[in-house]
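Residue numbering restarts at 1 for every chain, and letters A, B, ... go by the order of the sequence lines.
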Amino acid sequence: MMKNVQISLVFVLIVALVFVSIPANAQQSLTIVWAEWDPANYLAELSKDFTAETGIPVDVVQIPWSNFQDKVFTAFVGKSDLYDIVIGDSQWLGRNSVGGHYIPLTEWINANIDVDAIYGPAMTAFAEYPKGTGKYWALPAEVDAAGYVYRKDLFEDPGEMEMFQAKYGYALAPPKTYAQLRDIAEFFTRPEKDLYGIATWYSKEYDGITMGFQQVMWSFGGAYGDAESYKVAGHLNTEDAVKALEFYTDLLQFAPPDGPNYYWLETLNAYTSGKVAMAMNYFAFFPGVVNADTNPISHDKSGFFIAPAGPKGHYISIGGQGMSISAYSKNQDVAKQYMKWFMQKPVQEKWAQLGGFTPYKEVLQSDAFKQATPFNEAFAASFPYLRDFWAVPEYAELLEVCQTNWSAAISKIKSAKEALDAIARKHEEIFEDAGYYDE
Amino acid sequence: MSDYQLKMAFIMPTMVLLILMNIFPLLWSLYLSFHRYKASMPTAAKFIGTRNYTRLLADPEIWGYFQTTAYFVVLAVAAQFLIGFGLALLLNRDFRYKGFITTLLLLPMMLSPVVVGLFWRFILSSDNAGLLNFFLSPFLKSPIGWTTNPKVAMLAVVIVDTWMWSPFMMLIALAGLSAVPKSLYEAADVDRASAWFKFRWITLPLVSPLLLIALLFRTMDAFKMFDIVYVLTREGGPGTVTETVSMNLYKLAFRNYNTGKACAMAYLLLVIIVALSNIYVKYLNRVKGEA
């Protein structure tokens, strides 16, 4: 009898604990999902202030880049409430707004956020869909751009400078054009010394080669298509775009042998191991470059420059992400409270101090921000030139076609013209299937 | 409770699980394969008849993926068969540390394919960190781009899959070899039969049913090759040189969320695997009859 009473009491206690504790936690916590990289660590650090102010714990879940999109979208398709805030790529806006996975934030933003204080192009790239309509689905969290790091010790070596001047007829300095970039990459390529000119993105993984090549394509005069009519043929497969792709393929000879596999991690590793003179990456990945622990070879010998201009323009791949609220979150009010807190000037100042690339105009343009790291100045200088991939709901299909065909072109399986023709044809098929050409 | 009720009580949980986890998804995906449907979009599935199938079958790129897969299956399964059977013949005798060596040889197939893909990524790297190129460097002018050169990338995938799955062939063949009665070899010895004669007329006929089962499993599994390609050649690169049907199916289903089309492609794959399995099973029955 006594034993039965004890068992019953334990059972009642467990049930009571389950019913009391779970709802309390569910109401009082916030889960933010982001890719696994330094800015996510900074955000986790920053969020401690939010917890201190409100008592609401914030969990920043980090997913490796290569699985980031797949994992988040799978959660969305399953209508999972696993994540409250999603810090997703700019290209995700179309799919997740039309698909009903992000909640609309237009009214809330207009009522609660000082939109004028946010850098305009960032608001357009990371928050607005369709572009130019003033409909918001996110707030910019991290604004990023593709940029270059270079070995100052090599570039400023008198012997190297003299040899370069003699060979190319101009002074060795960070390149301003892609033609100069090629010369410098060629100059420093010395396989016998395990030194190569450049490491840039050629990988078929996720958006690797597309983010690396598209800025070259734009700067050579190519384009993805017409943003109004969604026509691609005649925009993407032009003579300019062919020249750009041939240039990018040619550049590969100055990359390390494993260059065709290089994505952000391999590019960073190649630079920090002293294998290359220059490396392209998103600025948000550069904290590791100036850290003596992760880059003992050249942490104090690294300079930074913005992506060069091409013969027909100057464009740079935009990076960074916007902060959206999952439609399946049970903590949407807490999520809004967090986003309002995040967009305050003092919080943005601390965000920038920690290493985050703030979208807050005043902080972004301040001298304190530009001098906070050795790469912030080049990052800020990149802003006027930023451009993005398609942000339509079909972006993943469009991206996949680009990845496959550009990878085939740099591997010489297809010629540049064949690859661009194939992309143009496939992209128009995708737009046609999705009804973009319907009257 | 009657005997019938008792039987049902035991069977029903399994039946319910089977229906929920296997039969229902199978039928549901068949239904979706005739619809235009994207799981990531709120729009309802729209019936489009056989359009998904006709578009897939008319797409030369899809046939390219099937061709790549077939090429991989033939190379990988043949290599695994030869190496696995060869190892089994070597191990089918008594020697010191036989158990330990057999266990060591079995280790690769116990590892996760993603882990295998990751460490082979480092072994096959064409930068200096690549172990294989390092060992080959005295004989090479420049490192081999195992995963970057379109001419050798498929070979790299075959090497990794063979390293991982030859032990499976070995295990099954070893089981078959150890079941061959010793008396047959003794009788052959009395008749002064050659080693080749014993292998051709005793070993092979008695082991072949098991070998065919191993081949069947490996062929079915190789046709579904995904994980090693995903990790090792970065989603089937360079270009589409190592992009198998399953890799493309994954992109179609979980990256593009073209759910209807992905279901149709999965059914095409299913039909091919079932057809291949039937050929094997028929041949297996014939071999068993002969044996």
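Heavy-atom pairs under 4.5 Å with chain A peak, among B:E243, B:K38, B:M41, at B:M41. Taking B:G237, B:P42, B:G145, B:A39 one by one and counting their heavy-atom pairs under 4.5 Å with chain A, the maximum is reached by B:P42. Counting heavy-atom pairs closer than 4.5 Å to chain A, the top-ranked of the candidates B:D127, B:T240, B:T148 is B:D127.
With a 4.5 Å cut-off on side-chain heavy atoms, A:Q403 and B:E235 do not count as touching. The closest side-chain heavy-atom distance from B:R55 to A:E429 is below 4.5 Å. By the 4.5 Å heavy-atom criterion applied to side chains, B:R234 and A:Y263 are not counted as neighbours.
Within a 6.0 Å radius of OH in B:Y267, more than 12 heavy atoms belonging to other residues, nucleotides or ligands are found. Surrounding CZ of B:F254 are at most 12 heavy atoms belonging to other residues, nucleotides or ligands under 6.0 Å away. The number of heavy-atom neighbours closer than 6.0 Å to OH of A:Y436, taken from other residues, nucleotides and ligands shown, is above 12. Counted within 6.0 Å of CZ on B:F81, heavy atoms from surrounding residues, nucleotides or ligands total more than 12; the atom is thus considered enclosed. Atom CD of B:Q67 is surrounded by 12 or fewer heavy atoms from other residues, nucleotides or ligands within 6.0 Å. Heavy atoms of other residues, nucleotides or ligands lying less than 6.0 angstrom from CZ of B:F122 number 12 at most. Other residues, nucleotides and ligands contribute over 12 non-hydrogen atoms within 6.0 Å of the CE atom of B:M110.
Salt bridge annotation for B:K261-A:D433: absent, with no cationic side-chain nitrogen under 4.0 angstrom from a carboxylate oxygen. For A:D258 and B:R121, the salt-bridge test fails: no basic side-chain N is under 4.0 Å from an acidic carboxylate O.
One finds the CZ atom of A:F76 at 11.0 Å from the OG atom of B:S40 (value rounded to the nearest 0.5 Å). For the atom pair CD (A:E205) and OH (B:Y230), the distance works out to 7.5 Å, reported to the nearest 0.5 Å. Between B:L252 atom CG and A:E397 atom CD the span is 8.0 Å, to the nearest 0.5 Å. The CH2 atom of B:W146 sits 14.5 Å away from atom CG of A:N261, with the distance rounded to the nearest 0.5 Å.
Only the side chain of A:K426 comes within less than 4.5 Å of a heavy atom of chain B; its backbone N, CA, C and O stay farther away. Contacts of A:S203 with chain B are made by side-chain atoms alone, with heavy-atom separations under 4.5 Å and no backbone atom involved. With a 4.5 angstrom heavy-atom cutoff, B:P143 touches chain A only via side-chain atoms. With a 4.5 Å cut-off on non-hydrogen atoms, B:D59 touches chain A through its side chain but not through its backbone. No part of A:K412 comes within reach of chain B, as not one of its non-hydrogen atoms sits under 4.5 angstrom from that chain. Contact annotation for A:E400: only side-chain heavy atoms (C-beta onward) come within less than 4.5 Å of a heavy atom of chain B. Heavy atoms closer than 4.5 Å to chain A are found nowhere in B:N133, neither backbone nor side chain.
The two residues B:R255 and A:S66 make their nearest non-hydrogen contact at NH2-O, 4.2 Å. A:S411 and B:P150 make their closest contact through O-CG, 3.4 Å (heavy atoms, listed as atom of the first residue, atom of the second, distance). Shown here for B:Y257 and A:V77, the closest heavy-atom pair between the two residues is CE2-CG2, 3.4 Å.
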